[in-house]
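Note that the numbering runs from 1 along the sequence shown for the chain. No hydrogens, no waters, no symmetry mates; every other heavy atom, side chains included, goes into these values. This structure is a prediction, so every number in the text was calculated from the model and none was measured.
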Amino acid sequence: MLAVRIPFALALLAVSCAAFAPPSSAQDTRYFVAYSHHMEEPGSLEIEFDTTYGTQKAGDNFIAPWVELEYGATGWWTTEFYLDTQSTFNESTLFTGFRWENRFRPLMREHWINPVLYVEYENISGADKTIKEVVGFDNQLDFSAPNSELRKEHNHEIETKLILSSDYKGWNISENFIGEKNLGHQPWEFGYAWGVSRPLRLAATSERCNFCAENFVVGAEMYGGLGTAARLTLSGTSHYFAPLVAWELPNGVSFTVSPGFGLNDNSHRLLLRWGVSYEISGFGRKVRSLFQ
């Protein structure tokens with residue numbers, strides 16, 4: 001269980017530190033799969049612990065926690081590092097690999113549609129079950145083999161996304177087109193994700209509070225596969241719809257939960273996701289001050 005305990009311990013550390021932290025305002029929208037144009041605040045570090053619980057029709061259910069460390073390198077560049085784990089019921093617990101993600105925003109001023117370019121390197125095993133995206137002809141049966149077999153498959157992949165995002169009267173609307181390439185000899189695989197979200201109230205109250213309506217965000221995501229370069233299609237792929245709710249506290253801690261429901265026989269019946277994050281404002285400046 002060590003692979004699960006390490007990210008869990010990091011999450012507890014983030015939450016406990018929040019009790020003594022100054023106020024912070026995270027800009028990220030709280031989607032699990034889709035991305036918006038909102039970048040991490042320059043110099044800030046966000047520590048996030050997320051989990052996917054999945055049901056399987058032809059295998060045991062699983063729980064897949066992962067840790068994210070997201071840093072705002074500049075106003076136009078956000079970089080993020082992931083550590084993935086999973087535990088399949090009646091089987092084993094595994095560390096399944098790491099990911100390094102970078103997002104670049106070429107247009108800093110707000111536009112009707114704001115593009116962001118995304119590139120990620122993945123070094124993961126076939127046992128990875130975080131399901132951060134769905135591409136190609138991904139099928140819930142792909143995850144039903146025993147961990148002892150899945151862990152033997154090693155994937156070195158490049159994932160790209162074109163993110164198009166808009167803010168309108170408090171609503172965020174985001175569309176993502178995903179392209180993923182195994183660095184072996186497999187074809188490009190494609191997928192999509194979109195998200196929509198809005199705070200329950202736009203105007204903040206004059207006093208700081210935890211349960212004010214502006215601290216709660218509601219929304220939904222939809223995501224799925226689009227086939228491969230040889231066959232672009234919606235047929236034979238898996239698709240999901242997932243409502244979400246997030247609670248953002250003034251001290252920088254956020255909680256998010258999102259039940260995702262499979263829309264066809266290729267999909268898992270349920271992908272329940274939950275997460276907790278904590279943003280450390282001015283992290284880069286504080287680290288630099290230690291060496292001055």
Side-chain angles (χ1 to χ4, degrees), residues 1-8 10-11 31-35 47-54 56 59-71 78-89 91-103 118-161 176 178-193 223-226 228 237-238 240 260 266-268 271-275:
M1 295 294 291
L2 180 61
V4 173
R5 288 175 182 168
I6 291 174
F8 183 66
L10 290 173
Y31 305 127
F32 281 102
V33 179
Y35 283 82
I47 304 169
E48 188 165 347
F49 175 77
D50 294 328
T51 301
T52 297
Y53 167 78
Q56 300 197 111
D60 292 313
N61 298 345
F62 60 86
I63 184 169
W66 71 93
V67 169
E68 303 179 22
L69 300 174
E70 180 179 79
Y71 182 69
T78 292
T79 186
E80 194 161 356
F81 186 74
Y82 297 78
L83 295 173
D84 294 354
T85 66
Q86 66 100 326
S87 182
T88 300
F89 298 170
E91 290 193 43
S92 58
T93 298
L94 302 173
F95 171 73
T96 57
F98 69 89
R99 307 164 189 252
W100 180 35
E101 165 195 309
N102 292 275
R103 282 175 281 145
Y118 171 114
V119 61
E120 177 183 82
Y121 170 71
E122 303 176 1
N123 186 335
I124 57 176
S125 74
D128 194 281
K129 298 182 179 181
T130 56
I131 314 182
K132 280 282 292 170
E133 67 282 320
V134 177
V135 295
F137 295 96
D138 287 352
N139 190 297
Q140 60 94 16
L141 295 177
D142 299 336
F143 301 90
S144 61
N147 281 348
S148 57
E149 295 181 15
L150 292 173
R151 69 184 303 176
K152 297 176 183 177
E153 177 186 342
H154 296 281
N155 298 317
H156 299 272
E157 298 176 335
I158 293 293
E159 180 183 318
T160 61
K161 294 181 183 177
N176 301 177
I178 306 167
E180 185 174 279
K181 179 71 169 70
N182 189 301
L183 296 181
H185 298 286
Q186 299 181 20
W188 277 92
E189 298 179 295
F190 300 108
Y192 71 92
Y223 49 92
L226 292 175
T228 66
T237 62
S238 55
Y240 298 88
N266 301 315
S267 311
H268 296 273
L271 292 178
L272 175 63
R273 304 181 195 265
W274 63 89

Point to revise | Shortest non-hydrogen contact from L226 toward T237 | key: N-CG2, 4.3 Å
Point to revise | Test item: K181 side-chain N/O and Q186 main-chain N/O as donor-acceptor pair under 3.5 Å | key: yes
Review point. Is the backbone of T85 close enough, under 3.5 Å, to the side chain of K129 for a donor and an acceptor to pair up by distance?
Key: no
Review point. Considering all heavy atoms of both residues, which atom of R151 and which atom of S125 are nearest to each other, and what is their separation?
Key: O-CB, 4.0 Å
Point to revise | Nearest-0.5 Å distance that lies between atom CD in E189 and atom OG1 in T228 | key: 7.5 Å
Review point. Is it true that a side-chain atom of N176 and a backbone atom of A34 form a donor plus acceptor pair closer than 3.5 Å?
Key: no
**Study point:** salt bridge (Lys or Arg N to Asp or Glu O under 4.0 Å) involving R99 - partner list, sequence neighbours excluded
**Key:** D84, E120, E122, D128, E133
Practice item. Could you please spell out the steps behind the side chain to side chain contact (heavy atoms under 4.5 Å, CB included) verdict for W100 and T79? Key: CA-CA 8 Å; W100 180 35; T79 186; 2.8 Å; yes
Check your understanding: Pick one: which of I178, L271, V135 meets side chain to side chain contact (heavy atoms under 4.5 Å, CB included) with Y223?
Key -> L271
Check your understanding: Which pair of heavy atoms, one from E101 and one from R103, lies closest together, and at what distance?
Key -> OE2-NE, 3.0 Å
Review point. Looking at side-chain heavy atoms only, is the closest gap between F81 and V67 below 4.5 Å?
Key: no
Check your understanding: Can you check whether S238's main-chain N or O pairs, donor with acceptor, with S267's side chain at less than 3.5 Å?
Key -> no
Exercise for review: Measure up the F62 and H268 rings against each other and bin them: parallel (under 30°), tilted (30 to 60°), perpendicular (over 60°).
Suggested key: perpendicular
**Study point:** T88-Q86 side chain donor-acceptor pair, cut-off 3.5 Å
**Key:** yes
Study note, to complete from the structure: d(L83 CG, L69 CG) to nearest 0.5 Å is 7.0 Å
Study note, to complete from the structure: Rounded to the nearest 0.5 angstrom, the CZ-OG1 distance for F190 and T160 is 8.0 Å
**Study point:** D142 to F137 - nearest heavy-atom pair and separation
**Key:** OD2-O, 4.2 Å
Review point. For the atom pair CG (D138) and CG (N266), what is the distance rounded to the nearest 0.5 Å?
Key: 10.0 Å
Exercise for review: Can you see which heavy atom on K132 is nearest to which on F32, and at what distance?
Suggested key: NZ-O, 3.1 Å
Check your understanding: So how far is it from Y31 OH to R273 CZ, rounded to the nearest 0.5 Å?
Key -> 15.0 Å
**Study point:** Spacing of OH belonging to Y71 relative to CD1 belonging to I47, to within rounding of 0.5 Å
**Key:** 13.0 Å
Review point. For the side chain of T52 and the backbone of T130, is there at least one donor-acceptor N/O pair under 3.5 Å apart?
Key: yes
Review point. What residues form a salt bridge (Lys or Arg N to Asp or Glu O under 4.0 Å) with K161, not counting sequence neighbours?
Key: E159
Check your understanding: Can you name the nearest heavy-atom pair linking Y121 to H156, along with the distance?
Key -> OH-ND1, 2.8 Å
Check your understanding: Can you name the residues that form a side-chain hydrogen bond (donor to acceptor under 3.5 Å, both in side chains) with N61, not counting sequence neighbours?
Key -> Y53
Review point. Counting N and O atoms only, with roles assigned by atom type, does the side chain of T96 sit under 3.5 Å from a partner on the main chain of A127, one being a donor and the other an acceptor?
Key: no
